[in-house]
2 protein chains.
Amino acid sequence: MHASPETEWAELALGALASEGRKAGGARRAVVELLAGQSCCLSAQEVADRLRGRVGVASVYRALDLLAREGLVQRIELGDGAARFERVVPGGDHHHHVVCERCGRLTPFEDEDLERAMHRLAGRLAHTVRGHDVLIRGECSSCARSG
Amino acid sequence: MHASPETEWAELALGALASEGRKAGGARRAVVELLAGQSCCLSAQEVADRLRGRVGVASVYRALDLLAREGLVQRIELGDGAARFERVVPGGDHHHHVVCERCGRLTPFEDEDLERAMHRLAGRLAHTVRGHDVLIRGECSSCARSG
DNA sequence: GTGAATGCAAACTCTTTGCATGACT
DNA sequence: AGTCATGCAAAGAGTTTGCATTCAC
C-alpha cells in the first residue's frame with residue numbers, strides 16, 4: 001500500500017533536505033506541507049498568507065527558494081510580477097498553464113504530444129536540459145463569451 | 001524593393017499606434033527604434049539604460065506596456081524578476097529561449113516541430129490562444145564543461 | 001552544544017502612478 | 001487648441017538581507 005502522492009512528496013522533499021544536512025524547523029515543514037497538498041501553483045504571497053501567524057514572510061521566501069534550487073519545486077512566472085511555486089513530483093506528470101489575459105484565470109493542462117516535441121528538441125540543443133515551462137496566453141471561454 | 005525587417009517593424013508599430021490616435025513623441029519613438037534593431041529580448045532596465053538621458057524610466061515602462069498590450073512586443077519573464085521585451089514580427093518567425101541556470105546566458109532557438117505541437121494543442125483547448133512562451137532551463141555548454 | 005533556521009524590520013529592486021509641463025496632430 | 005505624451009519624484013509591490021534569537025539534531 002502506498003501513501004498518498006501528497007504525503008509522498010512531502011516526505012521526499014523533507015528527506016532530500018535532511019540528507020543534505022538541512023534542518024526542518026516549523027517554517028520549512030509548514031511550507032512543504034502546504035505545497036504538498038496543492039495540485040497547482042501558489043504564489044509566494046499566497047503561501048505566506050495561508051501560513052500567516054505561524055511563519056514569517058522571509059522564511060517562506062527562503063524555503064521556496066531552497067526548494068526551487070533543489071529542484072523540488074518549480075518556480076513559475078506568469079508575467080504578473082509574482083512568482084508562483086508548485087511541487088515537482090519526480091517521474092510524475094507534469095503540466096503547464098494557460099492564462100487568460102482578460103481575467104487572469106489560470107488553467108493547467110497536460111499534453112503528451114508537446115512533451116514529446118520538447119524531448120526531441122532537448123536532444124538537439126547544445127545545452128543540458130533540466131526542465132521547461134510552457135505558458136499559453138489567450139482568453140478563457142467565459143471571457144470570450146462575454147465580449 | 002523592401003525596407004529592412006527592422007525598419008518595417010518600426011513603421012508597423014508606429015503606424016499601428018498612430019491609427020489608434022496615439023502620438024509618437026520622442027520617448028515612444030526611441031523605444032520603438034531601439035527594439036526594432038534587436039533580434040532578441042531586452043529588459044526594461046536595459047532599454048532604459050541605453051536611452052538614459054534622452055528618455056525617462058517611466059516613459060520606457062509606459063511605452064513597453066503599451067506595445068505589449070497592442071501585441072507589438074512580447075513580454076518575456078525569465079524568472080530573474082525583470083521583464084524582458086522583444087518585438088513581434090507578424091508572420092515572421094518566432095523563437096523561444098533557453099536559459100542557463102548557472103551563468104544566466106540566454107540563447108534563442110526555433111523549432112518547427114514544437115510550434116506544430118503547440119498549434120495542435122491550441123485546437124484542443126477551450127481557450128482562445130493569442131500566443132505562447134516556452135522557456136527551457138538547463139546548463140549551457142560552457143558551464144557544463146567547467147563543472 | 002553547535003550550527004542552522006526563524007522572525008522581524010529594514011533595505012532593495014523593479015515597476016507604477018500623480019501631477020505639472022511640454023509636444024504632437 | 002486640444003489632447004496626449006513625457007519627466008520627475010514619490011509611492012507601491014514583491015523579494016531579499018542583517019541580525020539577534022530559537023530550535024533541530
Find the distance B:Leu67:CG to C:dT15:C1' and express it as a whole number of Å. 16 Å
Using atom CD of B:Glu20 as one end and atom P of D:dC4 as the other, report the distance to the nearest whole Å. 12 Å
With A:His95 via ring pair (Phe, Tyr, Trp, His ring centres under 6.0 Å) - residues at least two apart: A:His97
To the nearest angstrom, the CD-P distance between A:Glu46 and D:dT15 comes to 11 Å
Separation between CG of B:Asp113 and CZ of A:Arg124, rounded to the nearest 0.5 Å: 5.5 Å
Just distance, no hydrogens or angles: give the donor-acceptor pairs under 3.5 Å from side chains in residues 25-38 of chain A, sequence neighbours left out.
residue	atom	partner	partner atom	Å
A:Arg28	NE	A:Lys23	O	3.4
A:Arg28	NH2	A:Lys23	O	3.3
A:Arg29	NH1	A:Ala24	O	3.2

Per the end-axis method with five pairs at each terminus, what is the bend angle of the helix from C:dG1-D:dC25 to C:dT25-D:dA1, to 10°? 40°
If I take atom CG in residue B:Leu17 and atom P in nucleotide D:dT6, what distance separates them, rounded to the nearest angstrom? 10 Å
From D:dG7, D:dT15, C:dT15, nucleotide with atom closest to B:Ala83 side chain: C:dT15
OP1 or OP2 of D:dG7 versus the side-chain N and O atoms of B:Ser59: is any pair under 4.0 Å? yes
Distances under 3.5 Å only, N/O to N/O: pair up the protein atoms with those of nucleotides 20-25 of chain C.
residue	atom	partner	partner atom	Å
C:dC24	O2	B:Lys23	NZ	3.2

Heavy-atom nearest nucleotide on DNA chain C taken for A:Leu66 and for B:Ala82; more 5' hit belongs to A:Leu66
Thinking salt bridges, do A:Glu112 and A:Arg116 make one under a 4.0 Å N-O criterion? yes
B:His96 side chain reached by B:Pro108 side chain, heavy atoms, under 4.5 Å: no
Nearest-Å distance for atom pair CZ/P, residues B:Arg52 and D:dC8: 10 Å
Among A:His132, A:Gln74, A:Glu110, whose side chain to side chain donor-acceptor pair (under 3.5 Å) with A:His94 holds? A:His132
Closest contact, heavy atoms only, A:Ala48 versus A:Val57: CB-CG1, 4.3 Å
Would you tabulate the nitrogen or oxygen pairs shorter than 3.5 Å linking the protein to nucleotides 16-19 of chain C?
residue	atom	partner	partner atom	Å
C:dG18	O6	B:Arg62	NH1	3.4

Which value, rounded to the nearest 0.5 Å, describes the distance between B:Leu67 atom CG and B:Arg87 atom CZ? 13.0 Å
With a 3.5 Å cut-off and sequence neighbours excluded, list the donor-acceptor pairs that the side chains of residues 138-147 of chain A form with protein atoms.
residue	atom	partner	partner atom	Å
A:Glu139	OE2	A:Arg102	NE	3.3
A:Glu139	OE2	A:Arg102	NH2	3.0
A:Ser146	OG	A:Ser142	O	3.4
A:Ser146	OG	A:Cys143	O	3.1

Let me confirm one number: the CG-OG1 distance from B:Leu125 to A:Thr107, rounded to the nearest 0.5 Å. 8.5 Å
Starting at CG of A:Leu64 and ending at C1' of D:dT15, how long is that distance when rounded to a whole Å? 11 Å
Just verifying a value: how many Å separate A:Leu135 CG and B:Asp133 CG, rounded to the nearest 0.5 Å? 5.5 Å
Closest to side chain of A:Ala44, choosing from D:dT6, C:dC14, D:dT15: D:dT15
Could you check B:Gly21 against B:Gly53 and say which one's nearest nucleotide on DNA chain D is further toward the 5' end? B:Gly21
Rounded distance in Å - CZ (B:Arg28) to P (D:dA5): 4 Å
Rounded to the nearest 0.5 Å, what's the gap from OG on B:Ser59 to CG on B:Asp65? Could you check? 12.5 Å
Could you tell me the separation between the CG atom of A:Leu42 and the P atom of D:dG14, rounded to a whole number of Å? 14 Å
Under 4.0 Å between a side-chain N or O of A:Gln45 and OP1 or OP2 of D:dA13? no
